[in-house]
There are 2 protein chains.
Amino acid sequence: MKSPSQPRDRGIPEATVARLPLYLRALHGMAERGIATVSSEDLAVAAGVNSAKLRKDLSHLGSYGTRGVGYDVEYLVYQISRELGLTQDWAVAIVGVGNLGRALANYGGFVSRGFRVAALVDADPEVVGDTIAGLNVEHIDELETVIGQRGVSIVVLATPAAAAQAVCDRVIAAGVTSILNFAPVVLSVPDSVDVRKVDLSIELQILAFHEQRKAGGPLMAMDGQ
Amino acid sequence: MKSPSQPRDRGIPEATVARLPLYLRALHGMAERGIATVSSEDLAVAAGVNSAKLRKDLSHLGSYGTRGVGYDVEYLVYQISRELGLTQDWAVAIVGVGNLGRALANYGGFVSRGFRVAALVDADPEVVGDTIAGLNVEHIDELETVIGQRGVSIVVLATPAAAAQAVCDRVIAAGVTSILNFAPVVLSVPDSVDVRKVDLSIELQILAFHEQRKAGGPLMAMDGQ
DNA sequence: CCGACTTTGTGCATCGGTTCACAAAGGGAT
DNA sequence: ATCCCTTTGTGAACCGATGCACAAAGTCGG
Ligand SMILES: NC(=O)c1ccc[n+]([C@@H]2O[C@H](COP(=O)([O-])OP(=O)(O)OC[C@H]3O[C@@H](n4cnc5c(N)ncnc54)[C@H](O)[C@@H]3O)[C@@H](O)[C@H]2O)c1
Ligand SMILES: NC(=O)c1ccc[n+]([C@@H]2O[C@H](COP(=O)([O-])OP(=O)(O)OC[C@H]3O[C@@H](n4cnc5c(N)ncnc54)[C@H](O)[C@@H]3O)[C@@H](O)[C@H]2O)c1
C-alpha cells in the first residue's frame with residue numbers, strides 16, 4: 001500500500017492540523033506564566049478539548065511526552081511550531097483594503113507568529129498610495145510584481161464578492177497556492193491550491209438556526225407551510 | 001411520505017446546517033438571475049459541494065424537489081430561510097468597537113439577511129459616544145440594559161482577548177445564548193450557550209502547514225527527525 | 001533499588017458524515 | 001395512454017474522527 005520505506009508518516013489528519021494552533025496558543029500562555037511541563041489533561045482543558053484527543057493529536061507528531069510527567073512546554077511549542085511551518089517567515093499580501101482589509105492590516109495579533117504583512121493591494125485610486133499600518137497601498141496592476149518580488153506565498157482576499165474570483169485567478173497565476181478568502185463566494189481553484197474561507201454571515205446563520213431551535217423548544221406548532 | 005409539507009425530522013445534522021447558508025447564497029444568486037428551477041447537480045456546483053450530499057442535506061428539510069425537474073428556486077429559498085430562522089429578525093450587538101468591530105459595524109452584507117446590528121458597545125471613553133454606521137457607541141456599563149431593551153439575542157465579541165471572558169460572562173448572565181467570538185481565547189460557557197469562533201490566526205497557520213508541505217515536496221531532506 | 005503512582009500512547013468500539021449507485025417518481029413527447 | 005428520459009431521495013458501504021479504557025513506560029519517594 002504505502003511505501004514501506006521511512007518516516008514519511010507525515011500524514012497528519014486534517015482535524016488534528018486544525019487543532020494544533022489551539023494547543024500552540026495555550027502553550028504560549030503557559031510558557032509566559034513560567035510553566036515548564038504540562039499534562040495532557042491540563043493542556044486539554046486549556047485548549048477546550050478532550051485529553052485523549054489531545055494525546056492522539058500529539059502522537060501524530062512523535063512521542064514528545066514523558067509518561068508520569070507530561071510534556072515539556074518549550075519543547076512542545078517548538079515541535080508544533082515546526083510542524084505548522086511557523087519556524088519560517090510567511091509573507092502575506094492583503095488584497096482589498098476596505099473596512100475589513102484595513103482592520104486586518106492594523107491587526108498585530110498574527111504578525112507576531114511567523115506571518116508578516118508584506119503588501120497591501122487595492123484597485124481604488126482613492127486608496128492606492130495611502131499608508132496603513134506603515135505600509136503603502138499598491139495598485140492592483142502591481143499585483144503580480146509585488147507577489148513575485150516579495151515572496152508572497154499567502155494571499156488574504158478582502159475584496160467585494162464580485163471581484164474575488166478574478167483576483168483569485170490572478171494570484172494563482174502568479175504562483176500563490178494558499179488563499180484566505182473573506183468574500184462570500186465559492187472560489188473555483190485548481191486542486192493544488194488551498195483555500196480557506198471566513199464567512200461571518202454563515203456563522204451568524206448557524207447561530208440563528210440553533211437560537212431558533214432553543215426558542216421554539218420541543219413544540220413549535222405555528223406555521224403550517 | 002406523501003404530504004410534501006412535512007416539517008420533517010427536527011434533527012438536522014450539524015454538517016448540514018453549516019452548508020445550508022451556502023446553498024441559500026447560491027440560490028439567491030440564481031433567483032436574481034431569473035432562474036426558476038435548478039437541479040441538484042447545478043446547485044451543487046454553484047455551492048461547491050457534491051450533488052449527492054446536497055440532495056441528502058435538502059432531504060432533511062423535507063421532499064421539496066420534483067423528480068425529473070429539480071427544485072423550485074423561490075420555494076427552496078423560502079424553506080431554507082425558514083429552517084435557518086431567517087424569516088425573523090435577529091438583533092445583534094457588537095461588543096468591542098476597535099479595528100475589527102468597526103469593520104463589522106460598517107459591513108452591510110449580513111444586515112441584508114435577517115440580521116440587524118442593534119447596538120455597539122465599548123469600554124473606551126474615547127470611543128463611547130462616537131457614531132459608527134449610524135449607531136451610537138454605548139458604554140459597557142449599559143451592556144445588560146441594551147441587551148434587555150433591544151431584544152439582542154446574538155452577541156459578536158470583538159474585544160481584546162483579555163476582556164473576552166468577562167464580557168462573555170456578562171452577556172450570558174443577561175440572557176444571551178448565542179455568541180460569535182473573534183477574540184483568540186477559548187471561552188468557557190454553559191452547555192446551553194452556543195459559541196462559534198472566527199480566528200484568522202488559526203486559518204493562516206493551517207494554510208502555512210499545507211504550504212510548507214507543498215514546498216517540502218515528496219522529499220524534504222533537512223532535519224532528520 | 002524497589003514499588004507505588006502518574007501519565008502517556010494506542011487498540012478498539014463507535015459515531016457522524018460522505019459518496020456511490022440505483023430504484024422510484026415525475027414530466028414531456030408522441 | 002404509454003414510453004423514454006431526467007432527476008430525486010435514500011440504502012448501504014465506506015471513511016475519518018472521537019473517546020473510552022488500559023497496558024506500558026517512566027518518575028519519584030523511601
Ligand atoms: N467588513 C466586514 O465585516 C466583512 C465581514 C464579512 C465579510 N466581508 C467581506 O469582505 C470583503 C470586504 O469587505 P469590506 O467591508 O472591507 O468591503 P469594502 O467595500 O469596504 O472594501 C473592499 C475593497 O476592495 C477594493 N477592491 C474592489 N475591487 C478590487 C479589485 N478588483 N482588486 C483589488 N481591490 C479591489 C475596493 O477598492 C475596496 O477598498 C467583502 O467581500 C465582504 O463581503 C466583510
Ligand atoms: N483586527 C483583526 O483583523 C482581527 C483579526 C483576528 C482577530 N482579532 C481579534 O479581535 C479582537 C478585536 O481586534 P481589534 O483589532 O478590533 O482590536 P482593537 O484593540 O482595535 O479593539 C478592541 C476594542 O475593544 C474595546 N474593549 C476593550 N475592553 C473592553 C471591554 N471590557 N468591554 C468592551 N469593549 C472593550 C477597546 O476599547 C477597543 O475599542 C481581538 O481579540 C483580536 O485578537 C482581530
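This one's a predicted model, so the numbers in the text were calculated from it and none came from an experiment. Order of the sequence lines fixes the chain letters, A, B, ..., with proteins taken first and strands second; residue numbering starts at 1 for each chain.
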Take the protein atom [atom1] of [X] and the nucleotide atom [atom2] of [N], then report the distance between them rounded to whole Å.
X	N	atom1	atom2	value
A/Tyr71	C/dT7	OH	C1'	9 Å
B/Asn50	C/dA21	CG	P	12 Å
B/His60	D/dG9	NE2	C1'	11 Å
A/Asp42	C/dT7	CG	P	8 Å
A/Tyr23	C/dT8	OH	P	13 Å
A/Lys53	C/dT10	NZ	C1'	16 Å
A/Asp72	D/dG26	CG	P	16 Å
A/Tyr64	D/dG26	OH	C1'	19 Å

Pair [X]-[Y], side-chain donor/acceptor within less than 3.5 Å:
X	Y	answer
B/Arg82	B/Thr87	no
B/Asn99	A/Tyr107	no
B/Glu41	B/Ser51	yes

Exercise for the section: Among B/Thr66, B/Val77, B/Leu58, find the one that has a side chain to side chain contact (heavy atoms under 4.5 Å, CB included) with B/Tyr71. Expected result: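 The passing option is B/Leu58.
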Below the 4.0 Å mark, does [N] have OP1 or OP2 next to a side-chain nitrogen or oxygen of [X]?
X	N	answer
A/Arg19	D/dT18	yes
B/Ser40	D/dT8	yes
A/Ser63	C/dG9	yes

Handout entry: Any N/O donor-acceptor pair, A/Arg67 side-chain to C/dT8 base, under 3.5 Å
Key =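 Such a pair exists between side chain and base.
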Handout entry: Any N/O donor-acceptor pair, B/Lys56 side-chain to C/dT19 base, under 3.5 Å
Key =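 Per atom types, the contact qualifies.
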Problem - A/Arg102 backbone acceptor or donor facing A/Asn106 side chain under 3.5 Å - result: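 Yes, the answer is positive, given that a donor and an acceptor are paired below the 3.5 Å cut-off.
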Problem - Shortest side-chain distance from B/Val69, nucleotide among D/dC22, D/dG9, C/dG27 - result: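 Closest of the options to the side chain of B/Val69: C/dG27.
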Practice task
Remember a base hit wins even if backbone is also touched, and classify A/Ser51 as base, sugar-phosphate or nothing at under 4.0 Å, heavy atoms.
Solution key: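 Here A/Ser51 touches no strand at all.
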Exercise for the section: Between A/Arg55 and B/Ala52, just flag the one whose closest nucleotide in DNA chain D comes earlier from the 5' side. Expected result: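 Its nucleotide being nearer the 5' end, the pick is B/Ala52.
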